[in-house]
Protein chains: 2
Amino acid sequence: MRKDAERNRAAILATAARLIAEHGPDGFSMEDVAAAAGVGKGTVFRRFGDRDGLVRAVVDETSQSWRAESAALLEADDVPADERVITFVATLFDHVIAALPLVTALERVSSRSIACDSNSDLTHHRLAALIAQVRPGADAEFLAHALLAQLRADVLRHLVHQCGLGVPRVRAGVISLARGVLAGDLEHAGGSATMPRL
Amino acid sequence: MRKDAERNRAAILATAARLIAEHGPDGFSMEDVAAAAGVGKGTVFRRFGDRDGLVRAVVDETSQSWRAESAALLEADDVPADERVITFVATLFDHVIAALPLVTALERVSSRSIACDSNSDLTHHRLAALIAQVRPGADAEFLAHALLAQLRADVLRHLVHQCGLGVPRVRAGVISLARGVLAGDLEHAGGSATMPRL
DNA sequence: ACTCAAACGGACTGACGGTCCGTTTCTTGT
DNA sequence: ACAAGAAACGGACCGTCAGTCCGTTTGAGT
């Protein structure tokens, strides 16, 4: 890859990430990105194909560290399976909350949850495998999806901002729900609004 | 309201509903609707304001019978609360599945689930009240949202079409999840792929 | 029939995603 | 160092579409 191409690529990704964070998932046009990055519009399209490609690239870039971390987590055989699931859910929750506009943009273009897009279907499979391990006999594949559905950016935004439940309360609820799914009961579900340390 | 205005209103709503059903949530333009309904573009905008308004009007129209039915259901004091919740969830599931493109269009426009938009926040409150009744001490408001989140059109479309779980399996899963939420346990969750009669 | 407010309709505008192609810039072989 | 060609650049250009505007038509009350 040519040096100027690489430089522009980085500039475009950084600019797009900033614009999405600042102006929301719809608050930018391709021309905005090009201009703010100091390149021509054609360059953006040449590199990323189309709007969706750009958003996906930004997400890939931004979430790389988190994805590696969570993949490692799901495979850490020295930790009990149920604990791995809970930690994974909590981590993903934090990640989505921290990057709400970006993840929302991703969902708009691919209509899939962040942990379930084509290049990380693996995540879903691993999660389902863990759930199957903890709760043999259950429809683990479905349950994994059910957990991930709670972590969709638009769902979380709705709960936190439109419904006015705060982040801590939603976080506690999601984690309790995950505990319930794993334990086969929901004794802890929503029992308190305090925020578990994890 | 003038006679021609009423006639056009009905024609536009019917046409829009048909186009959405046939070509998906994005497969139509305002001009398409106007032309197919045999009216001018200006008429569509005059009546419905903008694209979002049109979609909302179509949903309102289409879902009226269902909304009345489900409202009555949630208030039927002669039926046990838990059973009312399950029936509500099952009914809503069927409704969303039957009108996937339309409900998807609504969610794109208002980014809210069908049972939780401004004119039927009531639904959510009633559902939460029922859950609170069955499971005092739990965060019923959150749990109601959690159940409704499972019934979002994009979530269901993802599960059914992209992930290849069939409608019966997802239906069973959703209902089991609801049972689990109500019972404080998930013994039934995903236990089988058969479709409960309700 | 007369009037006029309400409704109509389609030309027009502005914004935006995406394409095209003449120009510039990096790289590589000599 | 230089030439040559491939790769990348950039912005003018195009088609589409939501939304506006205004001259024309139509229905309802008198």
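Here is the naming used below: chain letters follow the sequence lines, and residue numbers restart at 1 for every chain. Just so it is clear, the values below take in all heavy atoms, side chains as well, and ignore hydrogens, waters and symmetry mates.
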**Message:** For R135(A) versus V181(A), what's the shortest heavy-atom pair and its separation?
**Reply:**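 Residues R135(A) and V181(A), closest heavy atoms: CD-O, 2.7 Å.
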**Request:** Please report the closest heavy-atom contact between P101(B) and P25(B), naming both atoms and the distance.
**Result:**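 Taking every non-hydrogen atom into account, O-CB, 3.7 Å.
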Output the rounded distance in Å from [atom1] ([X]) to [atom2] ([N]).
X      : N       : atom1 : atom2 : answer
D52(B) : dA18(D) : CG    : C1'   : 11 Å
R47(B) : dA18(D) : CZ    : P     : 19 Å
L54(B) : dC17(D) : CG    : P     : 15 Å
D32(B) : dC17(D) : CG    : P     : 7 Å
K41(B) : dT13(C) : NZ    : P     : 13 Å
E31(B) : dC12(C) : CD    : P     : 13 Å
N8(A)  : dC26(C) : CG    : C1'   : 12 Å
E6(B)  : dA6(C)  : CD    : C1'   : 15 Å

**Prompt:** Is there a residue in residues 22-30 of chain A whose heavy atoms reach under 4.0 Å of DNA chain C, and which residues are they?
**Reply:**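 Within this stretch, S29(A), M30(A) sit under 4.0 Å of the strand.
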**Prompt:** So, does the side chain of R2(B) form a donor-acceptor pair with the base of dA7(C) at under 3.5 Å?
**Reply:**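 Absent.
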**Message:** Check the orientation of H158(B) and H145(A). Use parallel for under 30°, tilted for 30 to 60°, and perpendicular for over 60°.
**Reply:**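 Answer is perpendicular, since the angle exceeds 60°.
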**Asked** When you look at S29(A) and D32(A), which way does the side-chain hydrogen bond (donor to acceptor under 3.5 Å, both in side chains) test go after all the steps?
**Response** CA-CA 5 Å; S29(A) 73; D32(A) 291 342; 3.3 Å; yes
**Request:** Verify the contact: side-chain N or O of T43(B) to OP1 or OP2 of dG9(C), cut-off strictly under 4.0 Å; return yes or no.
**Result:**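 Answer yes for this pair, as a side-chain N or O of T43(B) is under 4.0 Å from OP1 or OP2.
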**Request:** Walk me through it: do L147(B) and I131(B) pass the test side chain to side chain contact (heavy atoms under 4.5 Å, CB included)?
**Result:** CA-CA 11 Å; L147(B) 285 187; I131(B) 293 177; 4.1 Å; yes
**Message:** Let me spell it out: for each of R46(B) and K3(B), pick the nucleotide of DNA chain D with the closest heavy atom. Which residue's pick is nearer the 5' end?
**Reply:**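 Nearer the 5' end of the strand: R46(B).
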**Prompt:** When the nearest nucleotide of DNA chain D is assigned to R7(B) and to R51(B) on a heavy-atom basis, which residue is associated with the more 5' position?
**Reply:**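 Looking at the nearest nucleotide for each, R51(B) comes out on the 5' side.
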**Whichever of M1(A) and D50(A) has its nearest DNA chain C nucleotide further upstream toward 5'** =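 Nearest nucleotide further toward 5': that of D50(A).
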**Prompt:** Checking T62(B) side chain against V58(B) main chain: does a donor-acceptor pair fall under 3.5 Å?
**Reply:**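 Answer holds: yes.
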**Item:** Test item: R51(A) side-chain N/O and M30(A) main-chain N/O as donor-acceptor pair under 3.5 Å
**Value:**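 Pair absent, no side-chain N/O of R51(A) close to backbone of M30(A).
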**Request:** Ignoring the backbone of F45(A), work out which of dC8(C), dG18(C), dA8(D) is nearest its side chain.
**Result:**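 Nearest to the side chain of F45(A) among the choices is dG18(C).
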